[in-house]
Amino acid sequence: MSNLRFHLPFSVVSLCSGTVAILTVAYIGLIAVVMSYATITVEAAQSVRNDEATVATLESKYLASVARVTATDYTAAGYAKPIAEVFVPAESVTALR
């Protein structure tokens with residue numbers, strides 16, 4: 001019986017060590033990606049809340065202005081209803097020509 005031994009050009013220990021090192025770097029990279037995604041998500045949510053607050057402020061100002069205009073007494077301000085409505089014909093000139 002012949003004694004045959006298979007010799008690898010590298011050590012199994014060095015192969016396992018290299019694999020562990022690569023997996024460790026990949027794990028740290030994945031943790032960095034997940035943390036940056038969480039940061040972006042939180043920033044986006046805060047931006048949405050800030051925009052909603054801005055819209056709510058502008059909407060309340062708009063509604064207050066509409067209420068002020070609606071409550072205005074135009075006759076007291078000097079306005080009067082027209083006496084007669086008159087149709088004024090115009091030439092057939094359009095902006096598309």
Can you give me every donor-acceptor pair (side chain of residues 21-30, partner residue at least two apart or in another chain, under 3.5 Å) with its distance?
from	atom 1	to	atom 2	distance (Å)
T24	OG1	V20	O	2.7

Can you give the donor-acceptor pairs under 3.5 Å from side chains of residues 74-84 to other protein atoms, not counting sequence neighbours?
from	atom 1	to	atom 2	distance (Å)
Y74	OH	V69	O	3.2
T75	OG1	D73	OD1	2.9

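- Distance check: Q46 CD to D51 CG gives 10.0 Å after rounding to the nearest 0.5 Å.
- Although no hydrogens or angles enter the test, the distance criterion places a donor-acceptor pair under 3.5 Å between the side chain of T41 and the main chain of Y37.
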